[in-house]
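Only one structure is covered here, and it is reproduced in the block below.
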Amino acid sequence: MKKTVVSLFAVVLLLSSLTVVFANGNGNGHGYGKDKGKGNPHKFRLGVEQLLNEQKDLIEGQKVGLITNPTGVDQDLNSIVDLLHNDPDVELTALYGPEHGVRGSAQAGDYVEYYIDEQTGLPVYSLYGETRKPTPEMLEDIDVLLFDIQDVGTRFYTYIYTMAYAMEAAAENDLPFIVLDRPNPISGDKVEGPVLDPEYASFVGNYPIPLRHGMTVGELAKFFNEEYDIGADLTVVEMNGWDRDEYYDETPLEFVLPSPNMPTFDTALVYPGAALIEGTNVSEGRGTTKPFQLIGAPFINSTELAAALNDLELQGVTFRAASFTPSFSKHSGELSNGVEIHVMDRDKFKPVEAGLHLVKTIHDMYPDDFAFRAENSNGVSFFDNLIGNGWIREGIESGRSVDEMKAEWQDELDAFKEVREQYLIYR
């Protein structure tokens, strides 16, 4: 009898524990305000959830224009397009798509045209077509412009410049601009790389910020608006319960592809440095299942390259010899040899430093085959646009070490960090 009572008591305790786990959101489901499962007393909410739960007055009775893509979802993966379109208190009148489009179907650099969204019947204006800035005609039927897109924490990811151009348009057309904030997936407490030289400004780097900026889109919006005199009537709907040192997989959020070649959170971790390979004739892994993690070319010996990179003993990363055949983009259909980047300790890993070592090592090992992308009429290579200056490419070609180049950019990086502090929302 005593054993039976003890057994029943154990079952009750187990069921109670399971109830608490699922009530706190630590099971498979996510819901508004679920705990993060690591003892934090604050409830986690995205900007979109804060808007609809706490600050709907910002858009009630207004004609709303929405800049978004597939990442514009709540914790239950409901699209903000559907949430607003189906909300009786909100009048959603227009959609605006960045690079890759509102539904995320276009490849990098593909021209995106105006169309009617099949799901809602709303007009979709492209901000990656004939113009990258909303025109007055595009804004005729709205009272407020809303931005909800997941960034990846790297300067050359174009969505933050779509946001900045839209802020300019909102200021010029006397429209309020609202940013619904989201986490920096690679954490918000690490800042790395050279600050962009304004002479090398482009759509893959339009403001003097470092490659890994350590800010959320909301913080960047405040920074751009004040430091570069955009003058938008800006409101940032802040997240609740996000800490600066958190990576994306430490939140309750599911990872939704921000673009076709950003399939996983692991991709975002290596992207600030590995994407520099885009400025060369080496494949950055587009056309494979691991873009930016697989790096290679037909002229590379994978075993030799992996050994050379591992001999550098870079913190938090191991390079594994790997071969792959891209299905599109550089070296499409050709067997390419190189490495896969394995992040072993993300807190010690420095992606920009690793990316520069990757470029320099391939340059030095294969001088007759390696090449930077061709210069344009102004003597600027796409690599220069990505790194944000011309002197690093020259340094690699002249044999300078990565440590020397890091020391040269440090003063500007420190100055940026001081200014950045004024715009940080989360501590």
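This is a predicted model, so every value here is computed, not measured.
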Checking [X] side chain against [Y] main chain: does a donor-acceptor pair fall under 3.5 Å?
X: R155; Y: G205; value: no
X: N261; Y: P291; value: no
X: E250; Y: Y247; value: yes

Item to complete: Mind telling me whether Y159 and Y157 have parallel, tilted or perpendicular rings, with 30° and 60° as the class edges?
Response: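 Answer is perpendicular, since the angle exceeds 60°.
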Worksheet item: For the residue pair F255 and Y248, does the interplanar ring angle fall in the parallel (under 30°), tilted (30 to 60°) or perpendicular (over 60°) class?
Response: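 The arrangement is perpendicular - the two ring planes meet at more than 60°.
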Worksheet entry | Rounded distance (nearest 0.5 Å) linking atom CD1 of I178 with atom CG of D233 |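 It comes to 8.5 Å.
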Worksheet item: For the atom pair CD1 (I425) and CH2 (W242), what is the distance rounded to the nearest 0.5 Å?
Response: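 Answer for the CD1-CH2 pair, I425 versus W242, is 9.5 Å.
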Fill in: Worked check of side-chain hydrogen bond (donor to acceptor under 3.5 Å, both in side chains) between D266 and T264
CA-CA 5 Å; D266 288 336; T264 68; 4.7 Å; no
Would you mind checking if [Y] and [X] are paired as a salt bridge, meaning a charged N to carboxylate O distance below 4.0 Å?
X: D384; Y: R373; result: no
X: E238; Y: R45; result: no
X: E219; Y: R420; result: no

Taking the side chain as every heavy atom from C-beta outward, state whether [X] and [Y] have any atom pair closer than 4.5 Å.
X: S259; Y: E99; answer: no
X: F324; Y: E340; answer: no
X: I149; Y: I67; answer: yes
X: E278; Y: F292; answer: yes

Might you confirm whether atom [atom1] of [X] has over 12 heavy atoms from other residues, nucleotides or ligands at distances under 6.0 Å?
X: K417; atom1: NZ; answer: yes
X: K350; atom1: NZ; answer: no
X: E313; atom1: CD; answer: no
X: E199; atom1: CD; answer: no

Within the 6.0 Å centroid threshold, strictly below: [X] and [Y]:
X: F382; Y: F372; value: no
X: F299; Y: F370; value: no
X: F416; Y: Y207; value: no

Discussion item. So if I apply the side-chain contact (heavy atoms from CB on, under 4.5 Å) rule between Y165 and each of L127, I230, N206, which one comes out positive?
Written reply: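 When side-chain contact (heavy atoms from CB on, under 4.5 Å) is applied between Y165 and each of L127, I230, N206, only N206 qualifies.
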